[in-house]
Protein chains: 2
Amino acid sequence: MSPEPQKGRAPSIRDVARLADVSHQTVSRVLNGHPSIRDETRQRVLDAMEALKYRPNRAARALVTSRSRTIGVLSATTGEYGPSSSIAAIEDAAREAGYFVNTANLAASTPAAIVDALKHLVLQDVEGLIVMAPQVRVFDVLAGMAIDIPYVSLQSTGQSDHRALAVDQIAGARAATQHLIDLGHHEIVHLAGPQDWIEAEARMRGFLDAIIEADLRTHPPILGDWTADFGYYAGRELSRYRDFSAVFAANDLMAIGLMHAFRDAGLDVPRDVSVVGFDDIPVAQHVSPPLTTVHQEFREVGRRAVALLLSELRGEPVSQSEEIVPALVVRGSSGPVHAALVHY
Amino acid sequence: MSPEPQKGRAPSIRDVARLADVSHQTVSRVLNGHPSIRDETRQRVLDAMEALKYRPNRAARALVTSRSRTIGVLSATTGEYGPSSSIAAIEDAAREAGYFVNTANLAASTPAAIVDALKHLVLQDVEGLIVMAPQVRVFDVLAGMAIDIPYVSLQSTGQSDHRALAVDQIAGARAATQHLIDLGHHEIVHLAGPQDWIEAEARMRGFLDAIIEADLRTHPPILGDWTADFGYYAGRELSRYRDFSAVFAANDLMAIGLMHAFRDAGLDVPRDVSVVGFDDIPVAQHVSPPLTTVHQEFREVGRRAVALLLSELRGEPVSQSEEIVPALVVRGSSGPVHAALVHY
DNA sequence: TTGTAAGCGTTATCAC
DNA sequence: GTGATAACGCTTACAA
């Protein structure tokens with residue numbers, strides 16, 4: 001009933017060669033943009049490709065070049081906005097550069113799970129790795145596995161052997177904390193992220209820097225897990241001992257859970273307690289009160305990660321890209337309205 | 001300084017063969033679990049592999065088998081919880097089944113962008129496709145490109161040539177709407193998702209079914225874009241004409257934006273207006289008031305999508321998997337507390 | 001149970 | 001400029 005467009009096997013470079021009346025090698029040259037080819041010949045080849053709907057065979061190419069043109073992403077997300085956005089941007093950027101992306105998501109942050117995920121990526125022959133996961137642990141495992149693949153990760157301190165993205169999380173956290181200090185707060189608590197994440201560590205560091213610089217009392221930080229549920233839990237505990245007037249949460253989700261708990265405890269945010277978050281996720285401005293937070297350019301982070309990794313793969317010198325500094329976004333939950341603070 | 005663990009080239013099947021003193025073919029047999037091999041021989045081969053740290057070459061295998069062991073995911077997300085969670089689950093499930101996942105994210109939902117993304121996946125030689133994107137448009141484009149790859153998509157109606165996941169979005173939406181009706185609402189508005197998404201279409205359908213069944217007035221639905229910002233915008237418009245007492249939003253983000261707008265307009269949720277969402281994203285229970293919503297098992301959806309696609313790839317008969325019915329979660333924003341409704 | 005031969009579709013290397 | 005020839009590492013025949 002239907003015409004026979006294909007004869008079983010997909011057209012190869014030799015089929016194109018036959019039709020264009022050249023050697024298969026010439027077809028290969030056209031494919032790879034080799035300079036010394038007569039225009040007329042090239043055109044004939046291109047026409048033949050078009051006619052045959054020729055598509056190069058990735059496996060064959062990978063076999064002979066031993067390059068997979070694939071980069072791996074090691075992620076550890078349960079659907080959070082930040083990582084998801086960065087990963088999407090990584091895919092876009094990679095695609096644009098002619099690369100494929102393979103993501104392995106960590107089921108747990110145990111060494112075993114990390115080994116599993118890395119093995120999977122290695123099996124896939126990834127040429128490089130972008131780590132969006134508990135970096136501290138991942139680095140350990142990487143070292144232990146003796147895997148020799150170039151990788152890129154988020155980093156805030158300059159000390160590392162591999163290439164790292166320069167997102168100044170410390171500066172962002174410092175700004176957030178300073179904002180609270182400027183509002184007149186003296187007793188500020190930090191609800192931190194898991195400390196095996198570089199971001200979490202850096203945000204705590206920025207927090208402490210600001211606190212110490214202002215010569216304020218250092219409250220023991222609470223170590224959270226990035227989730228809103230944990231934020232709620234922490235908020236419940238916190239509202240028992242009210243020896244603080246403000247909280248800097250390491251991310252917005254925890255901040256939102258926190259505010260919920262404060263509400264439940266009869267505390268008014270921001271009248272009684274000020275809360276600042278980090279990330280500026282899309283709902284941040286729609287909760288009540290709108291959350292003051294630190295804006296991150298997640299897509300830009302993804303783009304830069306790819307650029308960095310590709311330059312590494314190409315053996316280019318480290319291009320000193322400017323640092324991304326997350327920007328404080330004041331939206332009201334801890335805005336200047338609240339000069340009259342209630343200290344406990 | 002360091003020992004020389006590898007001599008440039010990665011060990012191949014032949015290196016293993018030489019060390020185990022068998023033919024390379026025997027090694028291949030061990031690799032593929034061929035039955036007729038003497039145990040002693042197999043062990044020798046395995047030992048040799050171990051000693052050489054042999055890893056099979058994916059490209060070579062793919063070249064000769066013309067199977068990439070890769071499935072493609074066409075997504076269209078900007079970091080939303082639902083799709084991101086499903087995609088993560090897809091990766092987990094695929095990995096467990098020995099498959100790799102390649103995701104192409106739609107920059108826009110224009111035909112050109114869809115063609116781009118699909119071409120990328122085809123280039124990658126994906127064996128099958130999971131569509132988590134504006135399916136209506138994607139199907140059109142797929143048909144137009146004459147691509148012959150098995151694909152799976154979310155689907156609520158039974159009418160389709162390809163395999164579809166049975167997630168009964170209609171039932172979920174109907175339950176949500178019925179909940180509002182049970183509370184005594186007569187004037188209910190639907191804030192819908194983009195109609196080229198099957199989910200959006202199905203949720204509107206479920207809404208309308210419930211409305212019609214209860215013989216209520218049908219308000220013209222508002223067509224949104226899934227974002228909280230749009231929800232806010234819609235809420236602002238809606239609060240001008242207050243000819244309704246409840247809104248069923250097609251997803252939680254829009255519902256949250258909506259509530260924000262109502263708050264700004266001086267309307268109290270749920271005293272003045274009831275709002276129900278869809279998805280049950282992690283922040284849903286932490287906003288004020290907690291959002292009544294319809295819970296979805298995003299990870300389960302991802303897992304089933306993979307199972308379905310793989311069974312298709314293996315040519316297995318369609319296993320009639322049970323339908324997933326999203327469950328209504330009542331959390332308070334429109335709970336029975338609000339018997340006294342204010343109608344406009 | 002094992003080995004030998006051929007070929008998958010491409011690029012690299014050397015001729016002409 | 002272009003063409004032959006030899007890999008790349010594996011699996012699918014077929015033979016022993």
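All values below were derived from every heavy atom in this structure, side-chain atoms included, with hydrogens, water molecules and symmetry-related copies excluded. Labels below follow one simple rule: chain letters A, B, ... track the order of the sequence lines, proteins then strands, and each chain is numbered from 1.
- Ion pairing of B/Asp47 with B/Arg44 is absent here, as no side-chain N (NZ or NE/NH1/NH2) approaches a carboxylate O to less than 4.0 Å.
- Between C/dT11, D/dC10, D/dG3, one nucleotide has an atom nearer to the side chain of B/Asn57 than all others, and that is D/dC10.
- Which of D/dA4, C/dA5, D/dC8 sits closest to the side chain of A/Ser23 comes down to D/dA4.
- In this structure, of C/dA5, D/dT2, C/dT10, it is C/dT10 that holds the atom nearest to the side chain of A/Ala60.
- Here the P atom of nucleotide D/dT12 and the CZ atom of B/Arg67 are 10 Å apart, to the nearest Å.
- Taking the side chain of B/Arg29 as heavy atoms from C-beta on, and the options D/dC10, C/dT2, C/dT11, the nearest nucleotide is C/dT2.
- Here the C1' atom of nucleotide D/dA4 and the CD1 atom of A/Ile13 are 14 Å apart, to the nearest Å.
- Residue A/Ser36 is classed as a base contact, given a heavy-atom separation below 4.0 Å to a base.
- Straight-line distance from the CZ atom of A/Arg14 to the P atom of D/dA4: 11 Å, rounded to whole Å.
- Atom CG of B/Leu31 and atom P of D/dT12 are 11 Å apart (whole Å).
- Nucleotide C/dT10 holds its C1' atom 16 Å from the NE2 atom of A/His34, rounded to whole Å.
- Counting to the nearest Å, the C1' atom of D/dG3 and the CZ atom of A/Arg18 are 16 Å from each other.
- A salt bridge is defined here as a Lys NZ or Arg NE, NH1 or NH2 lying under 4.0 Å from an Asp or Glu carboxylate O, and B/Arg137 with B/Asp140 fails to meet this definition.
- Atom pair A/Asn32:CG and D/dT2:C1' shows a separation of 15 Å (rounding to whole Å applied).
- Rounded to whole Å, atom P of D/dC10 lies 9 Å from atom CE of B/Met49.
- Ion pairing of B/Asp92 with B/Arg303 is absent here, as no side-chain N (NZ or NE/NH1/NH2) approaches a carboxylate O to less than 4.0 Å.
- A salt bridge links B/Arg42 to B/Asp39: at least one charged side-chain nitrogen sits closer than 4.0 Å to a carboxylate oxygen.
- The nucleotide whose nearest atom lies closest to any side-chain atom of A/Thr65 is, among D/dG3, D/dC10, C/dT11, C/dT11.
- For the pair A/Pro11 and B/Pro35, both in contact range of DNA chain C, the more 5′-proximal nearest nucleotide belongs to B/Pro35.
- In this structure, the nucleotide among D/dG9, C/dT10, D/dT12 sitting nearest to the side chain of B/Gln25 is D/dT12.
- Among the protein residues, A/Ser66 comes within range of no part of the nucleic acid, since none of its heavy atoms lies under 4.0 Å from any strand.
- Counting non-hydrogen atoms of neighbouring residues, nucleotides and ligands closer than 6.0 angstrom, the CD atom of B/Glu50 reaches no more than 12 such neighbours.
- Of the candidates C/dT11, D/dC10, D/dG1, D/dG1 carries the atom nearest the A/Arg38 side chain, counting heavy atoms from C-beta on.
- Side-chain atoms of B/His24 stay outside donor-acceptor range of the base of C/dT4, with no qualifying N/O pair under 3.5 Å.
- Listed candidates were C/dT10, C/dT11, D/dT12. Nearest to the side chain of A/Pro56 is C/dT10.
- For B/Leu63, the listed nucleotide lying nearest its side chain is C/dG9; candidates were D/dC10, C/dT11, C/dG9.
- Of the candidate nucleotides C/dC14, D/dT11, D/dT12, D/dT11 has the atom nearest to the side chain of B/Arg61.
- Residue order along DNA chain C, read from the 5' end via each residue's closest nucleotide, puts B/Val64 first among A/Val27 and B/Val64.
- Side-chain to base pairing of A/Arg42 with D/dG1: no donor and acceptor N or O lie closer than 3.5 Å to each other.
- Using a 4.0 Å heavy-atom criterion, one finds that B/Ser12 contacts the sugar-phosphate atoms exclusively.
- Side-chain nitrogen and oxygen atoms of A/Thr41 include at least one within less than 4.0 Å of the OP1 or OP2 phosphate oxygen of D/dT2.
- Using a cut-off of 4.0 Å between Lys/Arg side-chain N and Asp/Glu carboxylate O, A/Arg304 and A/Glu300 are scored as salt-bridged.
- In this structure, B/Ile37 reaches the sugar-phosphate backbone alone: every heavy-atom distance under 4.0 Å involves primed, P, OP1 or OP2 atoms, never a base.
- In this structure, A/Arg67 does not pair ionically with A/Asp125, as no charged nitrogen and carboxylate oxygen lie closer than 4.0 Å.
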